[in-house]
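Here is the structure we will look at, set down as structure tokens.
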Amino acid sequence: QVQLQESGGGSVQAGGSLRLTCTVSGYTASRYCIGWFRQAPGKEREGVATITVGLGTSLVADSVKGRFAISRDIAWKTLYLGMNSLLPEDTAMYYCATRGMTGGCGLSPQQYNSWGQGTQVTVSS
């Protein structure tokens, strides 16, 4: 029922910026977890940033802290990931995902059960 769709990926030079967008529909809970995750070829999927819908509490991975920022529209229908000072190691398929809120909105991908198809981000040196 939950539908997520990412957009905004592309190819940029190191040091550049991108803003990813995730449109959300079908989630009926007033509070739940939503976040951004990424997976590079040959690497495990990792959490990038999450936010608690209805509260705004966010969690950002140490690897992107200070460079990436998660945000949303007032109605919580659109999620954004602002990415600045991009590095080659940021190259990955980026996904948004959700899960019901039973506790804090952690960064573990295994906790999330609804996923978008992803949008590719490629950062060249």
Side-chain angles (χ1 to χ4, degrees):
Q1 184 176 347
V2 178
Q3 184 174 339
L4 306 170
Q5 185 169 5
E6 305 92 338
S7 62
S11 298
V12 297
Q13 294 282 334
S17 300
L18 286 172
R19 179 176 289 272
L20 306 183
T21 299
C22 173
T23 58
V24 185
S25 64
Y27 211 100
T28 59
S30 60
R31 293 184 182 180
Y32 58 94
C33 298
I34 189 166
W36 290 97
F37 303 82
R38 66 185 183 184
Q39 187 167 22
K43 299 184 67 177
E44 295 182 352
R45 189 168 298 184
E46 63 178 347
V48 176
T50 63
I51 192 166
T52 305
V53 175
L55 291 178
T57 305
S58 63
L59 182 64
V60 182
D62 289 341
S63 60
V64 303
K65 195 169 296 181
R67 299 188 298 116
F68 292 11
I70 189 169
S71 60
R72 66 338 183 244
D73 66 351
I74 295 174
W76 298 93
K77 296 294 185 180
T78 308
L79 182 73
Y80 304 97
L81 183 67
M83 304 185 294
N84 298 313
S85 301
L86 283 161
L87 302 169
E89 49 262 47
D90 295 319
T91 295
M93 185 72 73
Y94 283 71
Y95 302 88
C96 67
T98 66
R99 69 170 177 88
M101 182 181 175
T102 59
C105 296
L107 290 167
S108 176
Q110 290 73 29
Q111 298 177 352
Y112 291 75
N113 49 38
S114 296
W115 295 81
Q117 296 184 56
T119 185
Q120 179 68 42
V121 172
T122 302
V123 184
S124 60
S125 60

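What you are looking at is a predicted structure, and each value in this text was computed from that prediction instead of being measured.
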Closest approach of L81 to A49 (non-hydrogen atoms, all atoms of both residues): CD1-CB, 4.4 Å
Give a yes or no on whether the ring-centroid distance for W36 and F68 is below 6.0 angstrom. no
Within one Ile-Leu-Val-Met-Phe-Trp-Tyr cluster: Y94 and F37, side-chain cutoff 4.5 Å: no
Between R72 and S58, does the side chain to side chain contact (heavy atoms under 4.5 Å, CB included) criterion hold? Intermediate values first, please. CA-CA 11 Å; R72 66 338 183 244; S58 63; over 6 Å; no
In this structure, would Y95 and V53 fall into the same cluster of hydrophobic residues linked by side-chain contacts under 4.5 Å? no
Spatial distance of atom CD1 (I34) from atom CG (L79) [nearest 0.5 Å]: 4.5 Å
For residues 40-51, which residue pairs pass the side chain to side chain donor-acceptor pair (under 3.5 Å) check, not counting sequence neighbours? R38-E46, Q39-R45
Determine, step by step, whether R67 and L87 satisfy the side chain to side chain contact (heavy atoms under 4.5 Å, CB included) criterion, reporting the C-alpha distance in whole Å, the side-chain angles of both residues, the deciding distance to 0.1 Å, and the verdict. CA-CA 10 Å; R67 299 188 298 116; L87 302 169; 3.9 Å; yes
For V123, is there any backbone N or O sitting under 3.5 Å from a side-chain donor or acceptor partner on T91? yes
Give a yes or no on whether V12 and V48 share a hydrophobic cluster (residues Ile, Leu, Val, Met, Phe, Trp, Tyr; joining criterion: side-chain heavy atoms under 4.5 Å apart). yes
Any idea which heavy atoms bring S17 and S85 closest together, and the distance? OG-N, 4.3 Å
When rounded to the nearest 0.5 Å, the distance separating OG of S25 from CD of Q1 is 9.0 Å
Using the rule side chain to side chain contact (heavy atoms under 4.5 Å, CB included), only one of V24, V2, T52 pairs with Y32; which is it? V24
Sub-3.5 Å donor-acceptor pair from the side chain of Q117 to the main-chain atoms of E6, do we have one? no
Could you please spell out the steps behind the side chain to side chain contact (heavy atoms under 4.5 Å, CB included) verdict for S7 and T119? CA-CA 6 Å; S7 62; T119 185; 5.5 Å; no
Please name the pair of heavy atoms, one in A14 and one in S125, separated by the smallest distance, quoted to 0.1 Å. CB-CA, 4.3 Å
